[in-house]
Number of protein chains: 2
Amino acid sequence: MAVTLRDVARAAGVSPATASRALSAPDLVAPERRELVQRVARELGYRPNRAARELITGRSGHLCLVVPDLENPFFSAVAKAVQARARGAGHAVVVADAEEDPLLEAELVAQLGAQADGVLLCSPRMSAEDLADVAAGDRPVLLVNREGAGLPSVVVDNGDGVRQAVRHLRALGHRRVAYAGGPAGSWSDARRRDGLATAGVDVEVVDLGAHAPVFAGGVAAADLALASGATAVLAHNDLVALGVLDRLRTRGVRVPDDVSVVGFDDAPVATLVTPALTTVAVPLARLGRTAVDLLLAPRDDAAPRTVLPVELVVRGSTAPPPDRRPDLVEPR
Amino acid sequence: MAVTLRDVARAAGVSPATASRALSAPDLVAPERRELVQRVARELGYRPNRAARELITGRSGHLCLVVPDLENPFFSAVAKAVQARARGAGHAVVVADAEEDPLLEAELVAQLGAQADGVLLCSPRMSAEDLADVAAGDRPVLLVNREGAGLPSVVVDNGDGVRQAVRHLRALGHRRVAYAGGPAGSWSDARRRDGLATAGVDVEVVDLGAHAPVFAGGVAAADLALASGATAVLAHNDLVALGVLDRLRTRGVRVPDDVSVVGFDDAPVATLVTPALTTVAVPLARLGRTAVDLLLAPRDDAAPRTVLPVELVVRGSTAPPPDRRPDLVEPR
DNA sequence: TTGAAAGCGCTAACAG
DNA sequence: CTGTTAGCGCTTTCAA
């Protein structure tokens with residue numbers, strides 16, 4: 001059997017209450033007894049029983065993180081940061097993968113969130129109604145990469161991101177840009193479309209429709225992009241951009257000579273390919289850290305809506321369009 | 001306040017004991033009362049308090065998964081599978097990222113593992129001694145991608161993997177292959193070196209030394225590989241292989257025309273690049289699922305040591321070496 | 001088959 | 001500042 005607080009108290013010659021206080025609220029105990037208890041606890045290898053503590057305090061020491069897909073580098077980056085920050089704050093993290101399924105997502109939140117000190121909902125795919133239901137619970141919930149239901153949130157400036165991307169392409173001389181959008185219900189995708197509509201530069205944007213936020217989605221989008229006559233493709237995220245890149249290459253289209261490609265997120269994969277991806281860098285680690293800080297902070301005022309800045313990173317996948325490069329040997 | 005078992009019992013007109021049994025051990029309750037209680041519980045939205053249950057049963061309903069780096073696609077793939085399988089078995093998963101740090105790893109296992117129903121240690125970097133300490137605890141521990149300390153384990157056939165890779169290269173005509181190894185303490189890396197030594201084919205293997213199991217490690221290894229005069233590089237994993245690919249390209253070396261590259265794992269990134277990576281496919285999801293099954297299975301016999309098969313997947317990054325391709329326009 | 005009662009390990013009043 | 005007491009929500013003897 002494990003060492004209990006009673007064992008420590010007995011060995012230190014104090015009552016269980018004093019032992020408890022010496023470890024959990026040191027200020028309430030006389031210095032010498034406090035240190036005695038702490039020393040004894042250490043020597044005995046005492047580890048508080050979380051279940052017992054939770055039963056009375058109502059706090060489990062667990063945070064719950066729900067993501068649509070752990071294998072997506074965006075989410076694994078956030079998960080890593082969340083996990084690290086939570087550990088620093090004395091919390092363990094229960095991670096749940098919703099498999100891009102809105103229903104499973106809602107169920108996971110209900111199940112796992114119930115016994116957690118707080119829930120981090122990352123890019124939730126669930127409907128606004130389900131989100132409102134989630135928000136109605138008593139435990140704190142924080143949205144990452146989505147806003148809504150009056151819940152506190154951390155997002156990035158999606159509109160500014162696409163604006164930076166489009167301006168970059170316009171500066172290179174592109175006048176017709178295709179947008180390979182993300183999944184239908186994606187909140188961030190909607191924000192990016194808004195940004196596109198208000199980019200304020202003389203660029204025609206062709207909407208390629210919704211695509212799964214993965215490599216295969218990009219492959220499908222590439223053909224549409226080519227058919228659209230656009231000279232540049234802005235992808236929902238880096239994975240999609242990579243799919244575009246791959247398909248273009250398969251079809252004999254050179255990047256960036258013939259077509260430019262821009263990603264979003266700056267996930268680690270962005271620099272794993274050639275040409276390296278020009279992309280809108282999202283502060284992934286900061287997103288995760290901020291989420292934990294906000295979730296754990298005392299909720300004094302109204303639900304805070306935090307917006308983190310993004311920054312275009314120009315790499316090898318963007319260049320002037322063919323018609324702007326008369327120096328090319330074979331312009332077509 | 002949440003709905004408690006007492007509430008359910010009262011509403012159903014039975015004692016708390018009966019209500020408890022109706023939900024946790026249905027066989028012990030008369031059919032009609034059982035169904036009454038279950039219906040009332042459902043209607044009231046009753047959710048058992050895990051802490052209270054754990055306090056008495058000793059089971060938390062949590063598994064603990066410790067990985068060296070959540071952002072490494074190998075581990076995120078395993079984590080995803082573990083999480084899915086655990087959910088199916090009614091368990092939540094606490095995920096911890098040890099940041100490739102053996103000390104932090106040991107600490108995490110001690111902290112988080114203590115109150116979990118079982119611990120999944122994936123590719124642990126810790127010393128054999130620390131591993132033995134971990135094994136000495138009372139809760140079940142299962143090793144993934146490592147064997148040792150008399151603990152049950154699930155691994156893949158590393159030796160067979162490198163053997164398949166080397167035979168493939170030999171068949172293409174390569175006679176000098178460089179091995180870009182993984183981190184110094186890596187168990188799987190040691191197994192692969194063993195496999196290399198006993199590949200049983202007429203191939204000279206050049207050891208490039210230890211490298212971080214990430215992109216940057218491969219970049220460093222590429223220069224060594226070039227200097228070694230090898231015509232093919234076998235990398236510790238796909239990330240390293242991608243680093244090799246990138247550096248070779250930067251230095252003007254064509255893959256696979258001048259040098260062939262083989263990865264290990266077949267992580268999703270393997271098909272995201274051009275040329276797509278020839279690699280030893282590891283059944284990542286199966287690894288995770290098997291780990292959960294074994295951890296949760298009643299430990300009847302001695303610690304099982306499961307070995308999963310691997311399979312070489314030939315893609316575009318391997319081809320005959322230059323001297324075997326006299327048809328090339330520019331052999332050098 | 002059911003209920004009463006005890007208690008898991010810990011913390012939070014409440015006195016002293 | 002410290003000890004006594006009670007009890008968190010649940011399961012599990014033990015009797016009935």
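Letters A, B, ... are given to chains in the order of the sequence lines, protein chains preceding strands, and every chain is numbered from 1.
- One interatomic measurement links the two molecules: CZ of B/Arg53 to C1' of C/dG9, which rounds to 18 Å at whole-angstrom precision.
- Between the CG atom of A/Leu23 and the P atom of C/dC10 there is a distance of 10 Å, rounded to whole Å.
- Side-chain contact check for A/Thr4 versus A/Asn49: every heavy-atom pair is 4.5 Å or farther apart.
- Among the nucleotides C/dG3, D/dG3, D/dC10, the one closest to the side chain of B/Ala52 is D/dC10.
- C/dT2 atom P lies 11 Å from atom CG of B/Leu36, rounded to whole Å.
- At the phosphate of C/dT2, OP1 or OP2 sits under 4.0 Å from a side-chain N or O atom of B/Arg33.
- For the OP1/OP2 pair of C/dC8 and a distance below 4.0 Å, the side-chain nitrogens and oxygens of A/Thr4 include no atom meeting the criterion.
- We find that CZ of A/Arg34 is positioned 10 Å from P of D/dT2, with the value rounded to whole Å.
- Residue A/Arg50 contributes atom CZ, which lies 15 Å from atom C1' of C/dG9 at whole-angstrom precision.
- What separates CD of B/Glu54 from C1' of D/dC8 is a distance of 14 Å, to the nearest Å.
- To the nearest 0.5 angstrom, A/Arg125 atom CZ is 11.5 Å from A/Asp101 atom CG.
- Classification of A/Arg87 and B/Glu99 as a salt-bridged pair holds, one side-chain N sitting under 4.0 Å from a carboxylate O.
- Salt bridge present: B/Glu147 and B/Arg305 bring a charged side-chain N and a carboxylate O closer than 4.0 Å.
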All N/O contacts under 3.5 Å from nucleotides 12-16 of chain C to the protein, with atom names and distances to one decimal?
unit_1, atom_1, unit_2, atom_2, d
C/dA13, N6, A/Arg21, NH1, 3.4

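- Using a 4.0 Å cut-off between charged nitrogen and carboxylate oxygen, A/Lys80 and B/Asp69 count as a salt-bridge pair.
- Here A/Thr18 does not reach the OP1 or OP2 of D/dC1: none of its side-chain N or O atoms lies under 4.0 Å away.
- Atom P of nucleotide D/dT12 and atom CG of B/Leu5 are separated by 12 Å, given to the nearest angstrom.
- Using a cut-off of 4.0 Å between Lys/Arg side-chain N and Asp/Glu carboxylate O, B/Glu35 and B/Arg39 are scored as not salt-bridged.
- Heavy-atom distances to DNA chain C give each of B/Leu55 and B/Asp27 a nearest nucleotide, and the one nearer the 5′ end belongs to B/Asp27.
- Salt-bridge formation is detected for the pair B/Arg85/B/Asp293: a Lys NZ or Arg NE/NH1/NH2 atom is positioned less than 4.0 Å from an Asp or Glu carboxylate oxygen.
- One interatomic measurement links the two molecules: CD of A/Gln115 to P of D/dC8, which rounds to 16 Å at whole-angstrom precision.
- Here C/dC10 is the nucleotide among D/dC10, D/dG3, C/dC10 with the atom lying nearest to any side-chain atom of A/Pro48.
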